[in-house]
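Below is one structure, written out as structure tokens; the observations come after it.
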Amino acid sequence: MQEKYDPQEVERAVQAQWEKTGASRVVEDAGKPKYYCLSMFPYPSGKLHMGHVRNYTIGDVLARFYSMRGFNVLQPMGWDAFGMPAENAAIQNGVPPAKWTYANIDAMKAQLKRLGFAIDWEREFATCEPDYYRWEQWLFTRLFERGIVYKRLGTVNWDPVDQTVLANEQVIDGCGWRSGAPVEKREIPMYYMKITAYADELLDDLKKLDGWPEQVRLMQKNWIGKSFGCEVGFPYDAASVGAEGVLKVFTTRPDTLMGATYVAVAAEHPLATAAAADDSALREFIEECKRGGVAEADVATAEKKGMPTGLYVLHPLNGEKLPIWVANYVLMAYGEGAVMAVPAHDERDFAFAEKYGIEIRTVIASPTGAYTEATAPWAPAYAEHGVCVNSGKYDGLCFDDACDAIAADLAARGLGAKRAQFRLRDWGISRQRYWGTPIPIVHCDACGDVPVPDEQLPVVLPENVEVTGSGSPLARMPEFYECACPQCGRPARRETDTMDTFVESSWYFLRYCCPDNDTAMVDDRVTYWCKGGIDQYVGGIEHAILHLLYSRFWTKLMRDAGLFGDFRLSEPFAQLLTQGMVVAPTFYRKAPEGKTEWFNPSDIELECDARGRPVAAKLVADAQPVQIGGIEKMSKSRNNGVDPQALIDEYGADTARLFVMFASPPDQSLEWSDAGVEGAYRFLKRLWRMVHEHVSEPHVPAYSGGALTPELKEFRYLLHQTIGKVADDYARRKQFNTAIAAVMELLNACAKIGDGGETARAVRQEALEAAVRMLYPIVPHICETLLAELCPKGAAVRPSFPDVDTDALARDEIELVLQVDGKLRGHLRVPASADKAAIEEAALLSEAAQRYLNGKPPRKLIVVPGRLVNVVP
RNA sequence: GCCCCGAUGGCGGAAUUGGUAGACGCACUGGACUCAAAAUCCAGCGCCGCAAGGCGUGCCAGUUCGACCCUGGCUCGGGGCACCA
């Protein structure tokens, strides 16, 4: 055995061995329990960043642990290859998106291999390959025929200078990121998927996902946002509107209906358009509402503005004329694009009414009497449930009774009924971009929208295109869009929009089971690997809502398309581990034209105050100052990703893996710092040295019984306690930093065992073997090597996880904490078998208790078995 | 603005079910080895105090024999908000 730990050489040799034996290759095996361990696949941005290292190490640790426990483990990897950065690279450097993407995949795959993950690379694919997306197109046509996919208008960000649709990320302070021009909202036809038809199931099934973090389930529940209330119809005031009709709104507070003093509609609402026809000021206001992007955060934080239309509706219960306002806070996409406003009992309506001098009418009193009278000027709106006042026949009714009574009266007039409402909206999947899956639809003047028939699939995305950043390249390629109608054969136009990349990431995990199937989307192998759900999914918490919700939805769509046969998979992910983000500081400079340039932390020199807080920063290259931004998730757009390659080059993959796992528990966000890498490396060197010293003497079999000194007995207690703790950390808690710490403690204790004779060496053999096996999932290269040295005969055998020897855990005496009045005052050694009375007696006799009791009996005596005794004087 | 999460020494973090706050590691300090340095090993290391002891888990209140942990109210930081992935 080499005396010195040389990670580069160890890792090269071990990886070559794994490669040779196909150690990570896996096939279906009915004789073994399966464990499908999935990590979220990366976008091929070019280089791995620390978030990837963390994510894939967590996955690999679990995969290897379950493998050691005898499971048939599948750990696949692929590439979420479509998306905007490839187009941006094309615009900047003129490289075709496909070429750029495949080059990035090669680079990142090499990095993943260097890290030694037990990935079955035979199953790898990229979502930009026609063999993959053809099945997505195929299912799309089925869903289109069933009406799950439909077309309607949707609102997008429009850059009037670049004449192009912008992603929310490309809108900065209301302006296009390249042109700097103010962005406008524009309505265009788009394809939607009816996720709202599955809203109830998506909500109900959350209850079954007990392997998911509560936090994620809660976020999804709130996102789906099922609320109960009432639909209310406000008949048009025919004299002002000039037409018959009913304005529909939804409210969760029908009990406040008698306090409604106006209604508000979105700028795009037909009533707003009608009123603006002969009102230039209103037209101008509606134009103003169209300025700015569509992102909800921007809309919700914008100043609330409105304008009266001069039109009226009639209150459905008392016939009173209520003005119709256009308001920028009402969104056409939600519900009916109109709301009823009750300023006295809704904070937003209150602020709006105060600003524009609209009547505020109190109709709810606090049940405790705190808000009883309609007295102006009002304090902030009383938005709690209460009792109806100033509401005629409804006076005195509580929330539930008022809702029932008002809903019944509305129903009697045909102007409303109780119903549920979802916040969830249908999923718009059309993108006016090049680098995505072509939407398989042909537009024919005679036949309308015709899905591409199976025999013409896939609709292949042409790869050699010119990307300019203005408009969609496909829309400039007649050779792509000119086609014959599949139905009537006449000249027709192929759809040039592509699909949202979330579609590809909604089912890739199923395709890993059967990537080579060229006659079906999925097959029986999915049943083997996905029965009961994918056993473990690991990925960033930033995907808690969209990606995970879309994947759940898409799985249900595939189920309902009959693709899973009798197996009928409904929920794809049984266990979910949401990794906390690796965050890093951001640095930028703003150019005069408003463009922002972001600088990588590695190119920055920081100046800190006495307490170590950064106060100023400058770019090393030009020594000029840069602005310090927030500490954000590592991303390409903020250029704050830290490249792990330098770490791997200097210390090796095992140190990188150990350090990242030791730094914090997986679900916690981690501010990147490489302080402490040395410590991880030092630990591996120490482990190597301890094994080297041990094996340089003749081999002894691991301890298997016989008399022990008290010291060795105590050490074996620690050893087996540690094995149990570490196994629990891997399997249940998924907290690897404490598993590592426990093994460190064990080895610290191991180093302190007196050299002793044969027995001590046997115990040390047992401990070192166990420690190396416990660490194997985290640092597999060094452990593979050390295990071969420790058990020369078993070198070829796949390593197993050590078992707990329960005999070693038996104790004669235990130590209890002695508290007086809840404060630590000493310890108590008692026989392990001592009962409550014996413990109480020992506690009262203790020096500490005597000192504080002054001979008086205690007021209380609390014994927590196995832990402590508290004497309350 | 709305939804979710977090805050513990100089730093990363531990305390698993309300029961010893600070495990493990980093940094630092002292010592050993060395011509010297590196590496390694040993010891110390929350704050105040000579000590006894007191204080201490973002802030303010509360529940409890006992609170980092539970409840209410804040502050700050992070994530998501439907076209970043």
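Note on naming: letters A, B, ... go to the chains in the order of the sequence lines (proteins, then strands), and numbering restarts at 1 for each one. Everything numeric in this text was worked out from a predicted model, so none of it was measured.
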Would you mind classifying the nucleic acid contact of A:G428 as base, sugar-phosphate or nothing, using non-hydrogen atoms under 4.0 angstrom? sugar-phosphate
Sort by first number and list every stem of RNA chain B: at least 3 consecutive Watson-Crick or G-U wobble pairs, both distances under 3.5 Å. B:1-7 with B:75-81, B:10-12 with B:24-26, B:28-32 with B:40-44, B:46-48 with B:53-55, B:58-62 with B:70-74
Taking only side-chain N and O atoms of A:N748, does any of them lie within less than 4.0 angstrom of OP1 or OP2 on B:rG25? yes
List the protein contact pattern of nucleotides 12-19 of chain B with one symbol per nucleotide (5' to 3'): B for base contact, S for sugar-phosphate-only contact, - for none; contact means a heavy-atom distance under 4.0 Å. BSSSB--B
So, for A:W435 and A:P97, which heavy atoms are closest and what is the spacing to 0.1 Å? CD2-CB, 3.8 Å
Please state whether the rings of A:H547 and A:H543 are parallel, tilted or perpendicular, taking 30° and 60° as the class boundaries. perpendicular
Considering just the side-chain nitrogens and oxygens of A:N222, establish if one lies under 4.0 Å of OP1 or OP2 belonging to B:rC4. yes
Does A:Q2 CD have over 12 foreign heavy atoms under 6.0 Å away? no
Distance test, side-chain N/O of A:R686 to OP1/OP2 of B:rA39, below 4.0 Å: no
Cation over ring face, A:R689 and A:Y5, 6.0 Å, 45°: no
Salt bridge or not between A:D500 and A:R431? Use side-chain N to carboxylate O under 4.0 Å. yes
Do the side-chain N or O atoms of A:K685 get closer than 4.0 angstrom to the phosphate oxygens (OP1, OP2) of B:rA39? no
Check the phosphate of B:rG66 against A:K860, side-chain N and O only, distance under 4.0 Å to OP1 or OP2. Yes or no? no
Quick one: label A:L424 by what it contacts on the DNA or RNA (base, sugar-phosphate, nothing), any heavy atom closer than 4.0 Å. base
Let me see the working for A:E303 and A:K355 under salt bridge (Lys or Arg N to Asp or Glu O under 4.0 Å), right down to the final yes or no. CA-CA 11 Å; A:E303 190 195 346; A:K355 179 169 178 176; 2.6 Å; yes
Does A:R423 make a side-chain N or O approach to OP1 or OP2 of B:rC2 shorter than 4.0 Å? no
Over how many whole Å does the gap from A:D821 atom CG to B:rG53 atom P extend? 16 Å
Distance below 4.0 Å between A:T501 side-chain N/O and B:rA85 OP1 or OP2: yes
